[in-house]
There are 2 protein chains.
Amino acid sequence: MPYTEDQVLETLPGVRPVLEQIAHKWAILVLTFLCEEPKRFNALKRRLDGITQKALTETLRRLERNGLVERTVTVASPIAVVYSITPLGRTLQDPLLALYDWAVDHQGDLTEAQARFDARS
Amino acid sequence: MPYTEDQVLETLPGVRPVLEQIAHKWAILVLTFLCEEPKRFNALKRRLDGITQKALTETLRRLERNGLVERTVTVASPIAVVYSITPLGRTLQDPLLALYDWAVDHQGDLTEAQARFDARS
DNA sequence: CTGAATCCGAATCGATACTG
DNA sequence: CAGTATCGATTCGGATTCAG
């Protein structure tokens, strides 16, 4: 059920910081991929074409801090670090997958719209 | 139906720039609000507590460029500018509302997780 | 293998002032 | 009302280097 304007007005102050944490280009991709199965650092890095170590590290830290991702260190040699989705993170699976699917489906629409807009300007 | 790893690998290069356009804290809120009804600049600004004119202008421009929002100027005095959701933008309503609802529901969970993480560190 | 630390230029942000 | 212009501050992105 949609919110009334008043309800949205009330909840907004707290919603904005939440969106800042999860509405992030890398965070969405990382969470989506981790929903499939736990993955190691370099496995994630390979999937996230073009991400730098720095950006991936920062993204994983933020997600861990927010309780969406768990970091597990396997004390072996060589050391292995596995990132997995938490139950809380799992609750984001459907919303994020919906967004991911939309991006796949409407990729071309955005490109066309951009071209039209740029041509007018 | 979920994607196989290979399918995701194929589509990723094009998906990332799309997410950069819509996975943005203000963009999500603006689109969500415009899905209710067309709104004027200052009406949006009031709803988006704390946003600056600059950020709102930039967000609306980007959304307009991507064909998600339409900008209509009413030549009157005082001048009136109405922003409305486009059919393409409307296809984002459900995914974004799901994200918005998640943010409302799990606001407290994130705050607690952050407190726990910060206490450990 | 999995990061942390640093550096640097670019991009973005926020606040303020001004305009048709 | 709906912006534009400006400017300093903060952040971001990428590259490089080092370490457990």
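Throughout, protein chains are lettered first and strands after them, A, B, ... in sequence-line order, and every chain is numbered starting at 1. Worth knowing before you read on, the calculation uses all heavy atoms, side chains too, and leaves out hydrogens, waters and symmetry mates.
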Student: Mark up nucleotides 3-19 of chain C, 5' to 3', with B wherever a protein heavy atom is under 4.0 angstrom from a base atom, S wherever such an atom reaches only the sugar-phosphate, and - elsewhere.
Tutor: BB--B-----BBBBB--
Student: Identify the heavy atoms of I28(B) and I22(B) that sit nearest to each other, and give their distance.
Tutor: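 Heavy atoms of I28(B) and I22(B) come nearest at CG1-O, 3.5 Å.
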Student: Is it the case that the side chain of R90(A) and the backbone of C35(A) share a donor-acceptor pair, with hydrogens and angles ignored and the cut-off at 3.5 Å?
Tutor: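 Yes; judged by distance alone, with no hydrogens or angles, the pair exists.
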Student: Can a donor-acceptor pair be found, under 3.5 Å and without considering hydrogens, that links the side chain of T32(B) to the backbone of L97(B)?
Tutor: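 Pair absent, no side-chain N/O of T32(B) close to backbone of L97(B).
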Student: So which heavy atom on P95(B) is nearest to which on T91(B), and how close?
Tutor: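 Residues P95(B) and T91(B), closest heavy atoms: CD-O, 3.8 Å.
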Student: R61(B): what forms a side chain to side chain donor-acceptor pair (under 3.5 Å) with it, not counting sequence neighbours?
Tutor: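 Scan of R61(B) (side chain to side chain donor-acceptor pair (under 3.5 Å), adjacent residues dropped) gives none.
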Student: For a quick test of reading the model, state the closest non-hydrogen atom pair linking N66(A) to L88(A) and the distance between them.
Tutor: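 Nearest pair, atom of N66(A) first, then L88(A): O-CD2, 3.8 Å.
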Student: Where the side chain of T59(B) meets the backbone of A27(B), is there a donor-acceptor pair that is under 3.5 Å apart?
Tutor: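 No, T59(B) side chain to A27(B) backbone: no donor-acceptor pair under 3.5 Å.
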Student: Can you sort out the partners of T74(A) under side chain to side chain contact (heavy atoms under 4.5 Å, CB included), two or more places apart, ordered by chain and number?
Tutor: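 Side chain to side chain contact (heavy atoms under 4.5 Å, CB included) check on T74(A) returns A76(A), A80(A).
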Student: Any heavy-atom pair between the side chains of T57(A) and F41(A) that's under 4.5 Å?
Tutor: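 Yes, at least one pair of side-chain atoms sits under 4.5 Å.
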Student: Does I79(B) or I79(A) map to a spot on DNA chain C nearer the 5' end, using the closest nucleotide for each?
Tutor: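 Counting from the 5' end, the first nearest nucleotide belongs to I79(A).
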Student: Mind checking which nucleotides bracket the chain B contacts on DNA chain D, 5' to 3', with an atom under 4.0 Å from a heavy atom?
Tutor: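 Contact boundaries, 5' end first: dC1(D) to dC7(D).
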Student: With sequence neighbours left out, what residues match R71(A) under side chain to side chain donor-acceptor pair (under 3.5 Å)?
Tutor: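 R71(A) satisfies side chain to side chain donor-acceptor pair (under 3.5 Å) with Y83(A) only.
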Student: With each end axis built from five pairs of C1' atoms, what bend angle do you get for the helix from dC1(C)-dG20(D) to dG20(C)-dC1(D)? Round to 10°.
Tutor: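 Here the local axes at opposite ends form an angle of 50°.
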